[in-house]
Number of protein chains: 2
Amino acid sequence: MMSSVTIERKRVECNSLPKGWQREEIIRKSGISAGKMDVCYYSRTMRSDVSLVPPIRQTASIFKQPVTVIRNHEVGKVKHDAKHAAQDKPKQMFWEKRLERLRACHSSGEELEDIILPRSIRSIGPNVNEQTVLHSLATALHILSSPVTGQTSSKTEFNKNATAFINPDQPLMQSVLVSEDDIRRQEDRVNIARKKLQDALKS
Amino acid sequence: MMSSVTIERKRVECNSLPKGWQREEIIRKSGISAGKMDVCYYSRTMRSDVSLVPPIRQTASIFKQPVTVIRNHEVGKVKHDAKHAAQDKPKQMFWEKRLERLRACHSSGEELEDIILPRSIRSIGPNVNEQTVLHSLATALHILSSPVTGQTSSKTEFNKNATAFINPDQPLMQSVLVSEDDIRRQEDRVNIARKKLQDALKS
DNA sequence: CGGAGTGCCTTA
DNA sequence: TAAGGCACTCCG
């Protein structure tokens, strides 16, 4: 005699949604709605940003003056390499925007000028400006152990529904392709810089 | 400035349920379900039946033969008057039915005849027979310090949902009213008995 | 108090 | 009438 097992839950990659989304179907087992199906959609979970909690200016009764509290990692835990940190806590979407007010400065307190990004790096997403992309990109280079390539969705898709089309592992920049020409030009720049350094050391 | 205190727990007599039932409302204070309410219903707790644990016939390795173990009270505790016993342990509903198999007997071992109850005492509850009422009533007279009046719910209510409508302090009999006539008749019976006793003593 | 699982109202 | 969505119960 053959016996069959009714599958009650199945979770599969969903082709009618952007890459990374999964569709789960759950069959109701009992009650008057038995046999009906509930559907859940799951997006990719974001990596946790262990070392990216911004400093907070706060006043505590134990201090004589307001102080700036800096937490780099959980209290009481050994600090590990960020690239190998546990990735269980999800990260907020567009968390980069929390960093928008922060500016690098000299030890004298004088703020640095805005950094100009190469034209090949273009922002993507609602109100994502050049400095936000920079924060996003710098963080990705710091945290990711895989290649940093930017968002793969088209700008149209992304603007239509960023929440669905975002790839949370990648920075908020459009997909970047590095050509053979790019590599050659960069090599030229490095060679020129080395030459200048040699000349400076001679004199 | 005024300060208000949100009531988080309140426990009140519940009018939409039979007498004696209480309804407790507990407001959730935090989390995603903050503000939602959990409700508990409490029935009257039953008095504990300190001296009514039936004897058990059992075999233990320390005895040469099976023995009948009799526990009248908790081991290691002083035995108090049952009417003043601590009432913290709840009693099982319809516990009287556990006594149904027990019969009084003469010292010779011969069982006594069933006792016939007066017609004014009528049983109430599922499968509660005349002997069960007797056990129940005798226990109430033994334990209760307040008047023994029987169940106050109607027979219809009681049969519909005994668990909710039972008054656990009272025996499983319908409400009994003692009339002036009843008292007079009982006085007559006592007088006749006394007369017979006097006559017997004379001869 | 959260989450799984189901009831049931709304909508087209 | 069915599907979707929300509310609610129950249990750990």
Those residues that, when tested against A:E100, pass salt bridge (Lys or Arg N to Asp or Glu O under 4.0 Å) (two or more places apart) = A:K97
Qualifying residues under side chain to side chain donor-acceptor pair (under 3.5 Å), relative to A:R185, sequence neighbours excluded | A:D182
Those residues at least two apart in sequence (or on a different chain) that pass side chain to side chain donor-acceptor pair (under 3.5 Å) with B:Q22 are B:R11
Can a side chain N or O of A:S33 be found less than 4.0 Å away from OP1 or OP2 on C:dT6?
-> no
What stems, by residue range, does DNA chain D take part in, given at least 3 consecutive Watson-Crick or G-U pairs under 3.5 Å?
-> C:1-12 with D:1-12
Short side-chain N/O contact from A:S30 to OP1 or OP2 of C:dG5, under 4.0 Å = no
Determine which pairs satisfy side chain to side chain donor-acceptor pair (under 3.5 Å) with at least one residue from residues 26-42 of chain A, sequence neighbours left out, and list them in order.
-> A:R23-A:Y41, A:E24-A:Y42, A:R28-A:S33, A:R28-A:D38
Side chain to side chain donor-acceptor pair (under 3.5 Å) contacts in which one or both residues fall within residues 113-126 of chain B, not counting sequence neighbours = B:R103-B:D114
Scan nucleotides 3-10 of chain D against the protein and return all N/O pairs shorter than 3.5 Å with their distances rounded to 0.1 Å.
none

Applying side chain to side chain contact (heavy atoms under 4.5 Å, CB included), run through B:F94 and B:I166 and close with a yes or a no.
-> CA-CA 10 Å; B:F94 297 112; B:I166 196 172; 4.2 Å; yes
Partner set under side chain to side chain donor-acceptor pair (under 3.5 Å) for A:D188, not counting sequence neighbours | none
Quickly work out the B:K29 NZ to C:dG2 P distance and round it to whole Å.
-> 11 Å
Under the side chain to side chain donor-acceptor pair (under 3.5 Å) test, residues paired with B:R194 that sit two or more places apart = none
Tell me: CD1 of A:I26 to P of C:dG7, nearest whole Å?
-> 15 Å
Check every strand shown and say whether B:I32 touches a base, only sugar-phosphate, or nothing at a heavy-atom separation below 4.0 Å.
-> sugar-phosphate
